[in-house]
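Below: one structure, written as structure tokens.
The first residue of the sequence shown is numbered 1, and numbering continues consecutively from there. Values below: every heavy atom of this structure, side chains too, minus hydrogens, waters and symmetry copies.
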Amino acid sequence: EFTCSVVTRIRIVVTDDKANKLDSYSFQTDAGLNAYIIPFTRSVYQPGKNYRVYYAFDAPGQWMYYIGHGDISLKN
């Protein structure tokens with residue numbers, strides 16, 4: 001969940017622990033409060049393994065104005 005002051009594009013890439021790209025997503029948001037769900041239901045995702053999620057936020061005239069990453073581990 002996050003808030004944007006302008007229309008924003010969000011790009012997300014999910015990798016395994018060896019940096020192999022497993023999925024990528026792109027969402028366009030409206031100004032205001034937004035929330036998106038990333039489905040980790042595909043067979044490439046295994047419980048107990050670690051994955052890295054990279055993200056970038058783009059707005060008109062501000063390419064990649066916010067970038068980052070986080071590590072996740074899936075549980076049963």
*Going from CZ on Phe57 to OG1 on Thr29, what distance comes out if it is rounded to the nearest 0.5 angstrom?*
8.0 Å
_Restricting to non-hydrogen atoms, name the atom on Lys21 and the atom on Val13 that form the minimum distance, rounded to 0.1 Å._
CG-CG1, 3.8 Å
*Selection residues 64-73 - residue pairs positive for salt bridge (charged side-chain N to carboxylate O under 4.0 Å, His left out), sequence neighbours left out*: Arg52-Asp71
*Could you pull out all residues at least two apart from Asn20 that satisfy side chain to side chain donor-acceptor pair (under 3.5 Å)?*
Asp16
*asked:* Test of understanding: with side-chain contact (heavy atoms from CB on, under 4.5 Å), list the residues that count as partners of Arg11, not counting sequence neighbours.
replied: Arg9, Ser26, Ala56, Asp58, Trp63, Met64
*What pairs with Lys75 under side-chain contact (heavy atoms from CB on, under 4.5 Å), at least two apart in sequence or on another chain?*
Ser73
_Tyr45: partners by ring-ring contact (aromatic ring centres under 6.0 Å, His included), with sequence neighbours left out_ = Phe40, Tyr51
*same_hphob_cluster(Ile72, Tyr54) at 4.5 Å side-chain heavy-atom cutoff*: no
*If Ile, Leu, Val, Met, Phe, Trp and Tyr residues are connected whenever their side-chain heavy atoms lie under 4.5 Å apart, and connections chain through other members, are Ile67 and Ile10 in the same group?*
no
_Listed once per pair and sorted, the ring pair (Phe, Tyr, Trp, His ring centres under 6.0 Å) pairs that draw on residues 8-28, sequence neighbours left out_ = Phe27-Tyr36
